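In this text the structure is predicted, and so the values were computed from the model without any measurement. Nothing fancy with the numbering, it's 1 onward along the sequence. The analysis underlying the following values was restricted to heavy atoms, covering all of them including side chains, and did not include hydrogens, waters or symmetry mates.
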Amino acid sequence: MAHARNGAVELWYETFGDTADPTLLMINGLGSQCINFDAALCERLAAEGLHVVRFDNRDMGRSTWFDEVAPDVAAVARAVAAGDAPEVPYTLSDMAADAVAVLDELGVESAHVFGVSMGGMIAQAVAIEHADRVRSLISVMSTTGDRDVGQSSTEARALLMSPPPTDRESAMDRAVEGIRTWGSPEWFDEERVRATAAAAFDRAFHPAGTARQMMAITAAPSRTAALGSVAAPTLVIHGDVDTLVDASGGRRTAEAIPGARLELVAGMGHDYPPPLWDRLVGLVVDHTRAADTAVA
């Protein structure tokens with residue numbers, strides 16, 4: 001299996017398409033393994049002339065886990081509220097450096113960086129802290145870290161913060177409950193959601209990693225001011241019925257980045273079911289081609 005290294009951290013990755021094509025680095029959201037970027041979606045993007053890379057974030061999937069640290073999201077939240085520096089095993093900046101390590105392993109000088117939810121936060125950090133590695137930025141269903149935007153609904157937050165599932169059946173049930181709560185209502189497909197959750201459970205079930213990733217999100221300061229320095233062509237995509245990360249987070253992201261384009265997708269929640277793939281692939285391909293043409 002292919003792994004990149006960032007110090008002691010190993011990062012499992014997989015590629016699709018021709019290495020001679022521009023690279024699209026896809027960064028996952030909270031508690032999400034790289035297989036959440038469905039292979040069929042990756043192959044469609046590759047067929048459009050992109051070298052697609054998906055990888056497991058640290059503390060998830062087949063990348064390095066941090067089980068020596070007991071997760072305590074509440075302690076981080078209390079520290080942030082008190083204005084203190086919270087103790088966390090890693091930060092979003094560390095996760096951004098992981099993404100760059102994957103590019104280093106592949107010998108890719110710069111990539112189109114595509115991040116979903118927490119992955120969007122990481123992608124923003126890559127664009128801020130490793131600007132020379134970013135051909136363009138695509139931030140999807142994400143936010144800037146400002147506390148007044150991008151917040152979850154009461155129902156979504158309660159489910160997100162509830163005790164994690166403990167076995168395969170409860171993992172599938174939780175996935176269904178989650179998509180019913182924050183997914184795209186018009187395209188809810190329980191059979192597909194259960195199958196995806198079962199595949200993720202069988203590959204690597206690791207709820208403690210999700211909690212530690214949540215610690216990193218909670219500890220992260222606002223990126224709004226720093227996003228003003230991002231020069232990479234930027235596309236911001238958000239669903240207009242997202243209840244996990246409110247669309248105000250996407251709007252603030254687009255407002256913060258000079259020249260960013262915002263695409264609000266009607267009927268899209270905090271997921272990207274197959275009926276939306278034509279729209280998403282079209283947006284990504286048009287954006288990356290325009291960015292590559294601009295620098296050619």
**OP:** Using atom types as modelled and distance alone, determine if a side-chain donor or acceptor of Thr243 lies under 3.5 Å from a backbone N or O of Thr181.
**Re:** yes
**OP:** Flag yes if Val126 and Leu11 sit in one hydrophobic cluster, no otherwise; membership is Ile, Leu, Val, Met, Phe, Trp, Tyr, and two members link when side-chain heavy atoms are under 4.5 Å apart.
**Re:** yes
Original post:
Closest heavy-atom contact between Ala232 and Val134?
Top reply: CB-CG1, 3.9 Å
**OP:** Taking the side chain as every heavy atom from C-beta outward, state whether Pro185 and Val241 have any atom pair closer than 4.5 Å.
**Re:** yes
Subject >> Separation between CD of Gln33 and CG of Asn28, rounded to the nearest 0.5 Å >> reply: 8.5 Å
**OP:** Give a yes or no answer on whether the side chain of Thr64 reaches the backbone of Glu10 with a donor-acceptor pair at less than 3.5 Å.
**Re:** yes
Subject >> Donor on one side chain, acceptor on other, Ser136 and His112, under 3.5 Å >> reply: yes
Subject >> Note, Asp242 side chain near His270 side chain (heavy atom, < 4.5 Å) >> reply: yes
**OP:** Could you walk me through whether Glu48 and Val284 pass the side-chain contact (heavy atoms from CB on, under 4.5 Å) test, one step at a time?
**Re:** CA-CA 10 Å; Glu48 294 288 345; Val284 170; over 6 Å; no
Original post:
Taking NZ, NE, NH1 and NH2 as the nitrogens, is one of them in Glu190 or Arg194 under 4.0 Å from a carboxylate oxygen of the other?
Top reply: yes
Original post:
Would you call Thr253 and His238 a side-chain contact if the rule is heavy atoms closer than 4.5 Å?
Top reply: no
Subject >> Single-linkage hydrophobic cluster, 4.5 Å side-chain cutoff, Val230 and Ile138 together >> reply: no
Original post:
Between the side chain of Asp18 and the main-chain N/O of Gly49, is any donor-acceptor distance below 3.5 Å?
Top reply: no
**OP:** Starting from the C-alpha separation in whole Å, work towards a yes-or-no answer on side-chain contact (heavy atoms from CB on, under 4.5 Å) for Thr23 and Arg135.
**Re:** CA-CA 9 Å; Thr23 295; Arg135 297 169 75 98; over 6 Å; no
Subject >> Modelled atom types, side-chain donor and acceptor of Asn6 and Asp98, under 3.5 Å >> reply: yes
Subject >> Spacing of Met26 atom CE and Glu14 atom CD [to the nearest 0.5 Å] >> reply: 12.0 Å
**OP:** Mind listing the closest non-hydrogen atom pair of Ala220 and Arg147 along with its distance?
**Re:** O-NH2, 3.2 Å
**OP:** Would you check if the side chain of Ser170 reaches a backbone N or O of Thr166 as a donor-acceptor pair within less than 3.5 Å?
**Re:** yes
Original post:
Parallel, tilted or perpendicular for Phe114 and Phe37, by the 30°/60° rule?
Top reply: perpendicular
For residues 82-93, which side-chain donor-acceptor pairs fall under 3.5 Å, sequence neighbours excluded?
from	atom 1	to	atom 2	distance (Å)
Tyr90	OH	Asp59	OD2	2.7
Tyr90	OH	Gln213	N	3.4
Thr91	OG1	Ser93	N	3.3
Thr91	OG1	Asp94	N	3.1
Thr91	OG1	Asp94	OD2	3.3
Ser93	OG	Glu129	OE1	3.1
Ser93	OG	Glu129	OE2	2.7

Original post:
Do the non-hydrogen side-chain atoms of Arg58 and Phe66 ever get within less than 4.5 Å of each other?
Top reply: yes
Subject >> Side chains of Glu43 and Val52 in contact at under 4.5 Å (non-hydrogen atoms) >> reply: no
Original post:
What pair of heavy atoms forms the shortest contact from Trp277 to Ala40, and how long is it?
Top reply: CZ3-CB, 3.9 Å
Original post:
Under 4.0 Å between a Lys/Arg side-chain N and an Asp/Glu carboxylate O for Asp56 and Arg203?
Top reply: yes
**OP:** Without swapping roles, check the side chain of Asp246 against the backbone of Ser152 for a donor-acceptor pair under 3.5 Å.
**Re:** no
Subject >> From CE (Met268) to CG (Leu276), nearest 0.5 Å >> reply: 6.5 Å
Subject >> Gln151 CD to Leu244 CG distance, which is reported to the nearest 0.5 Å >> reply: 10.0 Å
Subject >> Salt bridge present between Arg261 and Asp286 (N-O < 4.0 angstrom) >> reply: no
**OP:** State, with a plain yes or no, whether a side-chain heavy atom of Arg44 is found less than 4.5 Å away from one of Asp278.
**Re:** yes
Subject >> Axial cation check for Trp187 ring with Arg279, 6.0 Å and 45° limits >> reply: no
Original post:
Does the side-chain contact (heavy atoms from CB on, under 4.5 Å) test come out yes or no for Leu41 and Leu280, once each step is laid out?
Top reply: CA-CA 10 Å; Leu41 174 60; Leu280 294 177; 5.8 Å; no
Subject >> side-chain contact (heavy atoms from CB on, under 4.5 Å) between Arg54 and Ile35, intermediate numbers included >> reply: CA-CA 8 Å; Arg54 64 180 187 178; Ile35 59 171; 4.0 Å; yes
Subject >> Pro165 side chain reached by Phe205 side chain, heavy atoms, under 4.5 Å >> reply: yes
Original post:
Which atom names give the shortest non-hydrogen contact between Leu159 and Gly178, and what distance separates them?
Top reply: CD2-CA, 3.6 Å
Subject >> Closest heavy-atom pair and its distance - Arg5, Ala101 >> reply: O-CB, 3.5 Å
Original post:
Got a second to check how far Phe55's CZ is from Leu103's CG, nearest 0.5 Å?
Top reply: 8.0 Å
Original post:
Which heavy atom of Ser117 sits nearest a heavy atom of Gly29, and at what distance?
Top reply: CB-CA, 4.3 Å
Original post:
Short question: side chain of Ser248, backbone of Gly150 - any donor-acceptor pair under 3.5 Å?
Top reply: yes
Original post:
Does the side chain of Thr224 reach to within under 4.5 Å of the side chain of Glu255, using non-hydrogen atoms?
Top reply: no
Subject >> Short side-chain to backbone donor-acceptor contact, Arg252 and Asp146, under 3.5 Å >> reply: no
Original post:
Is Asp104 salt-bridged to Arg133, going by a charged N under 4.0 Å from an acidic O?
Top reply: yes
